[in-house]
Structure formats: structure tokens, C-alpha cells
Amino acid sequence: MREEVIIAGYGGQGILFMGSVLANSAMVEGLEVTFFPSYGAEMRGGTANGGVVISNKKIGSPIVTRPSSLIIMNELSMKRFYPMLKKKGTVIVNSSLVKEIPKSKEVKIIKIPATQFAEVLGNEKVANMIALGAYIKETGIFSLDSAIKSLHSLLIADKKVLVDINEKALKLGASDEY
Amino acid sequence: MREEVIIAGYGGQGILFMGSVLANSAMVEGLEVTFFPSYGAEMRGGTANGGVVISNKKIGSPIVTRPSSLIIMNELSMKRFYPMLKKKGTVIVNSSLVKEIPKSKEVKIIKIPATQFAEVLGNEKVANMIALGAYIKETGIFSLDSAIKSLHSLLIADKKVLVDINEKALKLGASDEY
Amino acid sequence: MIRIMHKILIKGNHAVVEGGIQAGCMAYYGYPITPQNEITAYMAKRMGEEGRVFIQSESEIAAINMVFGSSLTGARTMTSSSSPGISLKQEGISYMAGCELPGVIVNVQRGGPGLGNISGAQGDYFQSTRGGGHGDYRTIVLAPYSVQEMFDFTIKAFDLADKYRIPVILHTDGYLGQMYEPVLVKELKSDRKTKKDWILDGCKDRKPRMIRSLLMDEGELEEHNWKLNKLYDKIKMKEASCQTCFTEDAVVAIVSYGTSARICESAVNILRGKGIKACLIRPTTLWPFPEKTISTIAKKVKNFLVVEMSLGQMVEDVKLAVNGMSRVHFYGSPGGGIPETKVVVKKVKEIIK
Amino acid sequence: MIRIMHKILIKGNHAVVEGGIQAGCMAYYGYPITPQNEITAYMAKRMGEEGRVFIQSESEIAAINMVFGSSLTGARTMTSSSSPGISLKQEGISYMAGCELPGVIVNVQRGGPGLGNISGAQGDYFQSTRGGGHGDYRTIVLAPYSVQEMFDFTIKAFDLADKYRIPVILHTDGYLGQMYEPVLVKELKSDRKTKKDWILDGCKDRKPRMIRSLLMDEGELEEHNWKLNKLYDKIKMKEASCQTCFTEDAVVAIVSYGTSARICESAVNILRGKGIKACLIRPTTLWPFPEKTISTIAKKVKNFLVVEMSLGQMVEDVKLAVNGMSRVHFYGSPGGGIPETKVVVKKVKEIIK
Amino acid sequence: MMDKNKIYRPESLTDVQNIYCSGCGHGIIHRLVAEIIDELEIREKTIAVAPVGCAVFAYFYWNFDVTEAAHGRPPAVATGIKRILPDRVVFTYQGDGDLAAIGTAEIIHAANRGENITVVFVNNAVYGMTGGQMAPTTLIKQKTTTSPRGRNPRYSGFPIKISEALAALDGTTYIERVSVHNVKNVINAKRALKKAFKIQIEGKGFSMVEFLAMCPVGWAMSSEDSVKWIEEKMIPEYPLGVIKDA
Amino acid sequence: MMDKNKIYRPESLTDVQNIYCSGCGHGIIHRLVAEIIDELEIREKTIAVAPVGCAVFAYFYWNFDVTEAAHGRPPAVATGIKRILPDRVVFTYQGDGDLAAIGTAEIIHAANRGENITVVFVNNAVYGMTGGQMAPTTLIKQKTTTSPRGRNPRYSGFPIKISEALAALDGTTYIERVSVHNVKNVINAKRALKKAFKIQIEGKGFSMVEFLAMCPVGWAMSSEDSVKWIEEKMIPEYPLGVIKDA
Amino acid sequence: MKTKYKVIIDEERCKGCVLCVISCPRKILKKSEKYNSKGHHFVEVVNEMKCSGCNYCYIMCPDIAIGILKND
Amino acid sequence: MKTKYKVIIDEERCKGCVLCVISCPRKILKKSEKYNSKGHHFVEVVNEMKCSGCNYCYIMCPDIAIGILKND
Ligand SMILES: Cc1ncc(C[n+]2csc(CCOP(=O)(O)OP(=O)(O)O)c2C)c(N)n1
Ligand SMILES: Cc1ncc(C[n+]2csc(CCOP(=O)(O)OP(=O)(O)O)c2C)c(N)n1
Ligand code: SF4
Ligand code: SF4
Ligand code: SF4
Ligand code: SF4
Ligand code: SF4
Ligand code: SF4
Ligand SMILES: [Mg+2]
Ligand SMILES: [Mg+2]
């Protein structure tokens, strides 16, 4: 089993946090995992992305060049990463911000208006967890529980107050309510 | 033919100049020559010395460890370099300043009161040329003429005025007048 | 020895910091540079929490010389930087080597030469292993290939530095520094203080000491060089290490370290899957280089493929170890690129054809 | 081309200055350090006389970066220092290499590591030939062995630097720098100005240009590295050079460069005098290393003795060239000592026994 | 005011959009430099030295010859250029980390030599490019990634006033501190920088303008707050005005 | 005044004769340091950092712990020592080349951080150890091996007043300039240096004493002329007295 | 009716920093609800009529994303 | 007659820099014609009687080659 995900969006959309939760959840389930976020000047341009590799075997390169899944939070990222997707891959797309969604029979496209949903929950910033919830539901690569556990261990100190809303968002994304 | 000379004395006795004249004279006569003076912190201690190698063949190491001749301008240098002298070697010694002169049948020791003579000539500083004159006479390795030529080419610009007295000193050292 | 262990998902750069903290690093000096900024920032936080010394120095040169200062008092000390900043430390490293001062220098390599880029790279192998500074000296060079090893090897670096009174370089790269992986963090009970009878801390109840590298007396420096050489020989004997797999029946040996070794590990698995008898030799110390292991293997295995994220640097050490017994091939990806698993597989196939 | 020739007795350091003047060096930047102080001092005088640029910079780092600045205007430029100062220039050299800027860097080596001593030494071979700075780059390294060559190779260094747009290191030592020998000074008529279409001098009548080493676009740096690699390969093909004598019938080959090669030259003569068939291989370029010559000789000569004023650095290049075909022995005198002729002779005798 | 139906861009700027963060002071200062170079008609004889810092990509934005120095070394590189080409206009563009930390020796000695160059010094009290670390100019109590509890002078020293220190050197001709946090100050900043360039053109020696500039990302603030922060925190620590006019 | 039939040597000096040239100021300053350390009874808790310069051999002369820093880096090394051992007395001893040229950044930032160390700064207007090259403190028109026609400010800049520059930094506590060219000044120099050490012992921060010192060999002068030269040429350029006492 | 000045906004270049907004003496600029392809909420003119042509917006813009044109 | 102060000179350590000579208020020191093993003309006391014990010579000596002893 080997899953390679690219998550991508603007700086400010919590892309790196989403990656951490994703990777942490895999770890919690005892899987091998690497998460390689973009960094430095690349982020100055206002984009953020990262690659997560999850496997039950030792992982070689942490760089994802042929992702099996994408979590796409904005338009630009769609343009950049969609062409890299593997055949039969899955795309979770934040349909609040991504308008041009390609049609293809070869890949599975899950649209979720994450930003809108997040606004409803009261904080635009949790769009990332909504998308992640959708991803978990879709791929079933690990349990929602592990993700919630990860949330709790990653949001510490002054960020503890954010656990609730993030948890809600995760659950919303993973639910069938949309 | 291969001659290796160490010249040594205090800083201020014109040891390096003596080395240059010596080496230059060899060059003038078409011989191979290297002159390696002491430098840097070694000189901070107040001593100055150098090794000159003269040969009709290409010269390897410029460092003289077994000199065939010594030109010794002060007491300390005698102590330091005399033990290095080759058997049958020659020592030109400034007897004005060097009191403890070893006796040996294995080496040739030429005493010349260079500092006193120089004072007589009117400048303590030309003791070096007097000693060099003696060396030239003793070894005959090159002509006095070449040394005088070297003097002329080395003392340039504001030092031109010193040619005369240096030339006199050289000649005095090379003469039989003592 | 070990107090608690717990598994966390952290960046390689953070693992270096935690390793330092566990190893009893008492002072850290550094200057920001991508891709190792997390080390400096996280050190600022952690050293503050532990009541130890942290300074963001005015430059990399100041940092290495502060390391020099703290090290000579006996304190375990660290600095980190990335390629251009490491170049600036070369004089200081040479001084530490000359003065036999321990210390840990972390190089989270990026693309070069010049400003290059901020991607991970392995172009500083020569600098690390041959001494980018002046004079005859060596530093121990450790090459982790996972975030776990970033943690473990940092601790090992401090131990070796003290054991041999030598600067140790943790030779890593931007990929390892930036990557998150699960790490088993061991909290070490011992404060890992080594007894040191050569330090400067004031001459109370003993004769004054000096720590210096200027040796001007006749033959003094030469003697010192030979003494260092003896130390280096000892380290070569004792500390050269590497990880190998599938060597028993191999017909091709891949030699690779750090990030590129991860790719090669995958490649070897693929090759074995296809029935191709490849093996992997992964040096974990770059100096001393595990030349014995390699030369032993070279007696049987007639083809070597060296894979590096450079134009070819470790390949020289492999050739020296192989010493003409086998053919040595090379596949490099310089400038911040990462080698591709499928290219490694292809190269191996070409070689054995 | 040549205007006048005259023979004078000068120091090696002075010969470097005269070579620079004749080669059309338009700017010199340096910082004092023994045993190369005569270069800086004599440059102050000579550049002043010629109306060219001389600055005693605040540091070696400033000096190499001033070289960077003058070089990018197209001017022939030089800096000089000795070992610790050269360590400080490594970042700058890496930048010059990355930006493909020509320039001449003179290293009058002294004993190391650290402050070491001020005697002549050859402990910076690795630094010069492997790039003490970060990243994949090379510099041409020339190794004179007489004061005459100090003069000639300085001129050659400028020519090569411009020809390949590469920094060139004149790799010499305190013995050669301080020694006086007769030199045939050739006054060159040409101002040796190379046409350069890449320089920055204001964008009049052309598009603006930039000179930089930061290459952040996807794959951009990697491409640049491969481009540099191609250049390096070309230089390897064309510029590797060495002097050999008595190779025809030799049974032992001594490999040595610079000051130590002088000792070996004497030793070979002595050995031949005794009927022992020794030969000398003296690399005059250390990078590119004359590996072809050596590997050709290694087909016939089964024993090599490498003699260096270090703990053994060039010996690796010799081993790489010999590639297991012959045995490679080593005799080194680190720390500012000079090898002894009689020891070289003795070693050779032992080897052929 | 422009005459085409397009926003006016100085000739000395290329058409490339800068990658600076939203509200970053560098963009304004880049434009001022370009406007002045246009106005002085020196575009074709100008050579700029970009730093390592957020402004490292300046060569993509300026439409004249630009090189890139190693971190902290622009004054040395500029010296090397200007000594060979004394009739060209040579300036360095440097951040506070570049100029006042790693490059301290180079700026002090270029200034002390009275090099006839101009220095555009952008003080944003933080290392922008590397992600917001403490700079030598960071204010007391200012939080950065490497001063997580706020800069404590006891361990990290004081906000360094490098312009004042340079003014103390006999080699410097003109030094002024300006800000770009509002219109009035931007206009004044341009005047100051133009004067600095003129001093070089007239061969009068070393000139430098220190710009207090917003770094909303490094400061983790909105643009609005950044502007206020300059007014309320930075200017009291770094008073504006001519520091030296010899 | 001593009681044995031998010339009195402070306990903090070894019996080794220094290799300084005849009339060199370093010898006097070494003795002053030793006398003060004796008087303050801190010999057993002092760690000195020797520079690269003529004083590099200081460890042979001082009878306490001494290390040797790379050229220009003593303030960084001292910082590394003092931060680990805050209750020890740590001082650097540096020449003008070491402190005011290659080590400019290190001294400025150690001072700006307010490191609680003492700096003994020996300004002899020349690089002594390397044979008399121009230093940043060399006087205008002064001839040295690298300013053969005399220092020309046009190309080589101005005598740098680093003490004044350091005084401008908030991190510094006490800075004074003294001279050792005659008895009165040597006595005063000792008072100043003792004060500097006391400031460190009391934990008050960065203290530095700049000594104008004779270098007869580097200046190519007799001792007598060197003494006069300090009085007539150096002091007017480098006025003596307290520069900062915060 | 034609406005006296035309405020040109380059929506793609605008980074929504609002430096122009806070500098406009007539308070006629505001951040849009919309965003451009880079995710920035660019600025828009609320009441072009009131523009005095003072150019302050241009002076403050780090991105040359706003400019004033005189209609005549 | 016994002098009040004894001026001790370490002839081997003295480098003949004359800093003591020019500092002695009683002008009782001078450079000798003789020199030591290092070639330095060391100093000698001309008139020890006149020594005031002011210690100036010691204070100026870079080599601790001169010192004053009170005879009693
Ligand atoms: C030798 C070296 N050290 C460190 C770096 C990393 N680095 C890049 S930019 C920078 C600091 C930038 O800060 P500043 O000069 O204030 O410019 P800003 O980005 O704030 O405009 C640093 C430390 C480098 N490239 N080279
Ligand atoms: C990196 C480096 N550069 C240069 C030198 C050579 N060097 C030794 S001492 C010195 C200058 C000494 O001058 P100063 O600091 O004024 O001390 P002084 O000898 O005058 O007391 C120099 C440049 C060195 N050892 N290391
Ligand atoms: S980090 Fe700061 S200085 Fe750099 S581009 Fe962003 S706002 Fe500007
Ligand atoms: S050169 Fe100058 S500073 Fe050095 S020992 Fe001699 S007199 Fe003293
Ligand atoms: S020109 Fe003046 S009034 Fe018009 S929009 Fe711009 S700032 Fe406002
Ligand atoms: S100042 Fe420029 S970039 Fe900022 S909001 Fe206004 S138009 Fe947009
Ligand atoms: S103690 Fe005073 S009077 Fe006596 S010799 Fe010394 S300086 Fe002269
Ligand atoms: S001061 Fe000291 S060294 Fe100098 S002459 Fe007097 S006794 Fe001799
Ligand atoms: Mg900044
Ligand atoms: Mg000095």
C-alpha cells in the first residue's frame, strides 16, 4: 500500500497544518509516513504546498512527483498539480475557490465548497480540515479518529482553543451532509 | 660545484642585503642560485639569517641544512649555526662581535674584525660587505667585480649614495690589508 | 540512561535540535539561512526553556568562533548553517581542529555553487570530508538519511566529538531538514558530561593552561600534525561505518548516502523484485569512509554505481576504495534535484547488460 | 608580444606581482599575512606606479568580494593570501565560480591547521583542488616550483581565467614566496585584454545584464551545474599538464609538485647517478590533474612514490589515476617541514628492494 | 500622471511583477530608485549590487545592469566595480541583516574609505527572506522566530543604529534616515535618495539613505498595523532626518 | 618596590622574556594587565583571549589561562567563554588590525550585545606582526609598507575611531582611551584598565580601554621618536580620556 | 457624466495591501470582496467622481497596481 | 657610602629601548657601550646616589629589566 498526496493552496490557507495532521494520523495508525512541505522563497510567491507519502513499507524519496491524490484549495494549484496526478487518482477540490474543474473519466473528482462551509462554521481558516475530512472519507486510508487524535496533539498551548472548531470541520468534511 | 652558505647575525646588520649581493653576484656570473632568508616572526626575536645555494646545476631545496660556508656576524649565530657546518667548511667570522670562536682542524676559520673596520670606514653598517669581501676572497666562488656590479644594481634610487662606502667595504674585506 | 521514549512527527531540523538538547548541548550559536532556519528558531525556544546558551550571532564566522570559545570551557556546543554559511566557517573549523576542540557543526546542504538555491543537495561532500579549510586536518562526518537519524546522529556527533576532541560535521541536506517523519525521541538521563582535563576555566588549583594552534618552534607543528594523523588513523580504524543490504549475492553494488540513499533503497527493492541482484552500501560516516567494507565487496562485485546529489564527489572515495578491482559508474543530480528511482533502476540495468 | 626581457634576482612573491603587472592585472585587493606580505606591499607600490587599483582591504573576505566586483566589469583582477586567509575566501570563490567570473587567487601556503606556522607547506591541496567552498565547482590550480614559474604561471593564470571564465588559483607556498632566484622578466606588449561580452558596465546600446548565482527556477540550477560540468570536462581535456623526466625506462615514478618537486628532482638525479631508474612526474596543473599521463606511466611503472609537504593529499589523485595498476607509496612532511633529499632516496631504495 | 491608458512605470523598471509580500516596503523603494534613475538620466550608466535578502531578485525588476553580492558583501563588490569604472553610477541595495549584521565590516570600511558609491539601506527590523528572524535592528521586546519571547537586550543586545555609527566616520559624506510608511514620507524619501545619487555623481563620496520599511509578513501584522508600527515604534527608536551632510 | 634582591614581577606574569621589539608598547601593557589581575586577586579565575598579532604569544607571558583566537575573532571567542562561565573574568587583548579591520563585525556586535567582558585594545597605528602594513588606524600621510607614499585618504580612507563608534552603541558601558608613552600616561592607563576590569567583575557590561602604544619597528623610528610621535601625532588624532562611562 | 480622473487598477498585480486605501485622502478606495488569481482581494474605486488626482495611491503602491489618468 | 636605592638592571633582558633613560627625572641612566648576547646596548646607572626611588624607570620598562631596591 502506498499513497502519495499533494496538498496545495495559498499561503494562509493552513496547507502545512493540513499536511501535519494528515501525516500525523498516518503515524498514529502505525504507518510509515513522510511529509515534505514547500519552504523558503517558494512561499514568498504566496503559494504553499506539500507532499505526503504514506506506506506500510519504508519510504524512499519524500518528493511526490506522481501523486495518487490531490487536495486542491485554490485555482492556481489546480493548474499546477492536476497534470501530475496519476491515472485513477483522486482530487479533493475546494469548489468555493476553484472554478475551472477539469472533467475526466480517468480520475475521481470530489468537489466540496470548503471555504463556504468553513465560513458557516464561523472561521474561514478551517476550510483545510473540511477538505481533509473529505479526503479521509474518500480514501479511507486512516480513521477519522486518528485525525482527531492528531488534532489534539498538534494544537497545543495557546492553540488548544482551536481544537473544537477544527474537529467540527474535520467531521463535517468526512460526513455525508453535503 | 655546489656551495651552500649560511649568513647570520642580528637584525640590523644588513644580513638580508648581504645575501642579496651574494646571490646576485652568482647570477651575474651565470650560476644557478637561490637565496632563502628568514622571515616573519622569526625576525621579531632580533635575529636574521639566510641560506644561499650556488651551483652550476639546477638547485633543489633552497634550505641549507649542511652549509659548506658560514658568514657569522654575531655571537648567537655562531652558537646556532657552527654545529651545522660541513667538514672542511669555511667560516667567515666577525671577530669584533664574536668572542668565543671554536678551534677546529676540520674547518677553516677566517676572523675579520668587520665591525671595527666598518667603524673605521665611517659606517658600522657596512660590516656586512667587509665580511662578504672576505668570503669572496676566501672561496673565490665569483669575482669581486660581480659583487661590485651587484652592489650597483641593488642600491638604487635614494640608496645610490651608499654605493661608494659599500664598495669600499667589499674591497677592504677582499684585500690582504688585514 | 534512557528516561522516556515517545514517538512524534517532526521535521529533520527539529530532530537535530532535540538531539542536541538530549545530548547535553549547552550552547548553540547560529545565523539564519534556508533550509536550516528551523534549527536556529527552535534552538532559540528550546535553549531558552532549558536555561542554556543561545545566541543568534552576527554572522556564521562569529558563530563558529563562539563555538570555539564555549568548547574550550568544556561545554558541549553546536552551530548549524547551510552551504554558503558553512564555507564561511572553514577557517574556524580548521582552528578547532588545530586546537583539538570538540564541537558539532550541522550542514543542511543546499544547491550551489554561490547562492545556488535552497533545495536539498549533496555538493559539499568534498568540503566536509577533505577539509574545506586550510591545513592537514580531518573532521568526523556523519550522514543521516531519515529524520530519526537526524536525531540519533546528532547525539552520536556530540559523543564522538568529545571522545576524540574533534569537530564533527552532521552532513545533511534541505530534504532531510525540511521533511517531517515520525521519530522515536529518547530522553537521556545522563547529562553526557565528559570529564575534560584540558579545558580553560581559570587556573584554580592547577597550572595555567593554554589552547592555541600557533606552533612556531622548530618541528613543533610537524610533530603536532603527526600526532593528529595518529588520531585520525585511530578514528579510521574504529569509527568507519555503513549500512549494507543484499550484499551476499549481489552483482551490482549501489553506493549512496543521505537523501539519495533513500531513493536507492527503493531502487534496490524494485530491482530485487525483478530478480536483479543489486545491493546497497550506505556510508553513515563519510569520514572516515567505510573503505574496508567497500573494498571487500569489490572483490566479488564487479560493478558499482555511485548515486549522489552532486556532479560526483563521493565517487572518488568509492574509486579509492575499489582501487581498480571493479568498474565504478556514476549517476548524479546536482543543483537541488533529487535522483529518480526509475533512473537508478535503468542505470543498473544498463550496467549489467 | 614580448617587449623587453631582463634577468633579475627577485623573491617569488615579487615575481607574482611582476607577472600580474605584465598580464595586465588592473586591480589587486589583499590583506596582509605572512608569508605573502611582499605581494601586498609590492603591489601597493607597483599598482600605484602603473595607475591601477590597489586596496588593502579590511579582510580577506572583503578582498575576494572586491575581486568579484572588478572582475564583473571585465578587468583582470587578483588577490593573494596564505592558508587561513584563503579559507576565508572560500565562500567568495564559490560565488565567482557560480557566476563564471575570472580572477586570480594566489595562495602562498603556510603550515596548518589553525594558525599553524609561517613556514612553507602544501596542506591546502584538497582545498584548492576539491573546492573548499560549497557546491559543485572547480577552479584551475597552477603549481609553480621556481621563482621563474611564479612569474610565468601568474601570467598563465590570468590567461586561463579569462579563457574559461573561471577563478584560477596559483597554488604556491612560503618557500617559493620567500625565495630569491634569477628570473627572466618578459615585458609583454599586449595589454592582454580579452573581449568580454558578458560584463556589466552600464547598459548603453545594449540590454541590461545581470550577473548572479541564485537560480531558483525549477531545474535551472541543475542545468547550470551541468553546463559548468561541461566546461570542466573541456578544461580537463585541454589544460592538464605536467613535466616528466626519465620516464622511458623508469621502475619507480616519483610524483611531486612545487617546492617538494625540487627536492625530488635532486633525488632523482642522485638515484640515476647510482643507477637506480627513478623518474619524476611533476604536475604543473593540480586541477585538472594530469591523470592521463600518470595512468599511461602506471601501465609500465609498478611503483609510485608521492612526495608532499602534507600528510598526504595529492596522493589521492595519484591513486585515482593509477587506479590499482601500480603500488602507490607516500612520503610526507607536514607542518612546514621540507622533505629531505636523502629520505626520498632512501624511500625509493626501500620500494625497489 | 501618465498619458497612456496604462499605469505609468518608470523606464528603469522592467514589466516583471515583484514577488514581495502584500504591503512590503521593498516595492515602493524599488520604484523610487527607478524614478530617480530615470530623472537623473543615468540608467545606461548605472550598475546596482543586489543583496542576499528579500531584494535578491531586484535584477528581475530593474531595467539596468545589476549583480548579486554574497550576503553582506555588497559594499566590497561595489568598491570593486566603482574603482574600475569611476564614471559609472554604482549603488548597493541592502537589508538590515545584510548591512548591519554579517556585512558590518564591509559597510564600515567602504564608508571609512569614502567610496564614491550610494547605499540604499532597507531597515525593516527583521530578516525578511529567511522567515522573520531577529535582525540587529529589531526593537526591544519585538517577537521574532529567534526572539520568541521578544528581544531581550540582556542576551541579544540593542537595536543597532548603524547610520549614526557610519556618520561618525570621516569617510562619509551624506547619511539620512527616511521612511516609506506614508505619502509624506515616501515623497521625502525620494528627495533624500535623489540627493544621495547626486552626491555620487558629483564625486563627493559615500552617501547612504536608510529606509524604515514595512515587512508585514516578518512582523506578522496587517499592512495597516505595519504602517502604524513604523510610526509608533520604529521612528521613536530610529529618528528620521539628516544624520550627516558634510 | 620589591623586597627581594630581584626585580619585582607580578605573579600574573611568567618568567619568560617577551620577544617584542625594543621599546614596544605591548610589554608595558602586558605588565599592567598582570599587575591589575594580581591586585584584584582574580588570577585563578581569569581567562584571556590572545589575538593574532604581535601579542599572539601572550600565553607564554601571562600566568593564567589563555587561549588564542583566529585573527579578529577574540570578541566572539570571549563571548563563547563568558556565556558558559559568567563568573569568570574574561578579557580579549587585540591589536588595531585585529579589532578594527578584520574583526570589525565581531567587536561591534559583542559591544552591541553588551557582553560582560573587557577588551584591551592596543592601537599602534600599524600591523606590527606582519611587518608594518597600514592599519585602519594609520594616520594620514603615515608611510607603511602598503602605503608607501603615505596614507592617502582618497584611496585608503581615514584613521578609524573605533572607540567612538563603539561608544555610540547602547550596549557599551565604559570606554576610555589612554596612552603608554610616558610615566604619567602609564599610571593613568593602569587606573583606566583597572576600572574596566572592575566593571566586568561587577557585572556591569562591556568595557574597553584603547591604548595608544609605541611600535618603533613598525614605524621605523627610535624609541625616543616613537614616544614623541605619540605625543605629537597620535594624540591629536586620537584624543585621550573617557569616551563613555555609562 | 465623465469623471475628472480615471483610477486604473491592475487587478492581477494588486496584492490588496490597502496602502492606497489608507492613503487616499478622499477615502474612495476599498478592498474588494473579489480576489484575483493569486488569492489577493484587490482594491476597487468606490466613487471615482471624488478623485482629486493627488496620486497618493500611486505613490504608496508597492506594486504599481494603481494609477491615475486625467480624463480630458 | 651606601646608596639609598639600588638600581637593579637585568642586562640580558634589557633591550636598550631607553624608555627608562628618557623617563628618569634624575637623568642617572644611560645606554651602555656594551651590549648583551642579543646585541642590545643595555642601560647602566651613571650615578646611583642620585636615585630618588621614584620607580619611573620600572613603570616604563616593557621588559621588567630594571627595578629599584631600597637599601636599608
Ligand atoms: C552567508 C549567508 N548567510 C546567510 C544567508 C541566508 N540569508 C539570506 S537573506 C538573509 C537575511 C535577510 O535579511 P535582511 O538583510 O534584513 O533583508 P530582508 O529580507 O529583511 O529585506 C539571510 C540571513 C545567506 N544567503 N548567506
Ligand atoms: C585570517 C588571517 N589574516 C591575516 C593574518 C595575518 N596577520 C597576523 S597578525 C596581523 C595583523 C596584526 O596587526 P595588529 O592587529 O594591529 O597587531 P600588532 O601586531 O600591531 O600588535 C595579520 C594581518 C592571519 N594570521 N589570519
Ligand atoms: S518577508 Fe518582509 S521584506 Fe520580505 S517580501 Fe515579505 S514583507 Fe517584504
Ligand atoms: S613590530 Fe611593533 S608591535 Fe610588534 S613587537 Fe615590534 S614594536 Fe611591538
Ligand atoms: S489619486 Fe488621490 S484621491 Fe484619487 S484615488 Fe488616488 S489617492 Fe484617492
Ligand atoms: S497599494 Fe497597490 S497593491 Fe496595495 S492595495 Fe493598493 S493597488 Fe493594491
Ligand atoms: S627610580 Fe626614578 S630616579 Fe631612580 S633610576 Fe628609576 S627613574 Fe631614575
Ligand atoms: S626600559 Fe627596560 S628594556 Fe628599555 S632600556 Fe630601560 S631597562 Fe632596558
Ligand atoms: Mg531586513
Ligand atoms: Mg597594530
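A note on names: the letters A, B, ... follow the listed sequences, proteins ahead of strands, and every chain is numbered from 1. Worth knowing before you read on, the calculation uses all heavy atoms, side chains too, and leaves out hydrogens, waters and symmetry mates. As the structure is a prediction and not an experimental result, all values here were calculated from the model.
Options C:Pro84, C:Ser83, C:Ser310 differ in how many heavy-atom pairs under 4.5 Å they form with chain D, and the most are formed by C:Pro84. When each of C:Gly114, C:Gly335, C:Gly312 is checked for heavy-atom pairs under 4.5 Å with chain D, C:Gly114 comes out on top. The residue among C:Asp124, C:Asn225, C:Leu88 with the most heavy atom pairs within less than 4.5 Å of chain D is C:Asn225. Contacts with chain D were tallied for C:Arg110, C:Glu91, C:Lys89, C:Gln90; C:Glu91 has the most, counting heavy-atom pairs under 4.5 Å. If you tally non-hydrogen atom pairs under 4.5 Å between each of D:Gly85, D:Cys99, D:Gly112, D:Gly92 and chain C, the highest count goes to D:Gly112. Each of C:Gly132, C:Gly324, C:Ser333 has some count of heavy-atom pairs under 4.5 Å with chain D, and the biggest count is that of C:Gly132. Ranked by heavy-atom pairs shorter than 4.5 Å toward chain C, the options D:Asp217, D:Leu215, D:Asn107 are led by D:Leu215. Of the listed residues (C:Leu320, C:Val322, C:Ile93), the one with the most heavy-atom contacts under 4.5 Å to chain D is C:Leu320.
Counted within 6.0 Å of CD on D:Glu223, heavy atoms from surrounding residues, nucleotides or ligands total 12 or fewer; the atom is thus considered open.
Proximity to chain C (any heavy atom under 4.5 Å) is restricted, for D:Gln313, to the side chain, taken from C-beta onward. When heavy atoms are compared at a cutoff of 4.5 Å, C:Ser82 does not approach chain D at all. With a threshold of 4.5 angstrom between heavy atoms, C:Ile86 does not approach chain D through any atom at all. When heavy atoms are compared at a cutoff of 4.5 Å, C:Gln109 does not approach chain D at all. Looking at C:Ile61, the atoms closer than 4.5 Å to chain D (heavy atoms on both sides) all sit in the side chain, from C-beta outward.
Distance check, rounded to the nearest 0.5 Å: CD1 of D:Ile118 to CE of C:Met216 gives 4.0 Å. Between atom CG of residue C:Asn117 and atom CD of residue D:Glu222 there is a gap of 10.0 Å, rounded to the nearest 0.5 Å. Interatomic distance, CG of D:Asp317 versus CD of C:Glu316, reported as 6.5 Å (0.5 Å rounding). For the atom pair CD (C:Glu218) and OG (D:Ser119), the distance works out to 8.5 Å, reported to the nearest 0.5 Å. Atom-to-atom distance recorded for C:Met309:CE and D:Asp136:CG is 11.0 Å, nearest 0.5 angstrom.
Residues D:Leu221 and C:Pro334 are not in side-chain contact: their nearest non-hydrogen atoms beyond the backbone lie 4.5 Å or more apart. Side-chain atoms of D:Leu311 and C:Tyr137, non-hydrogen and from C-beta on, never get closer than 4.5 Å to each other.
Closest approach of D:Leu115 to C:Ser213, counting heavy atoms only: N-OG, 2.8 Å. Shortest non-hydrogen contact noted between C:Pro113 and D:Leu228 is CG-CD1, 4.2 Å. Here the closest non-hydrogen pair linking C:Ser87 and D:His134 is OG-ND1, 2.7 Å. Contact record, D:Arg138 with C:Phe126: NH2-CE1, 3.8 Å, taken as the closest heavy-atom pair.
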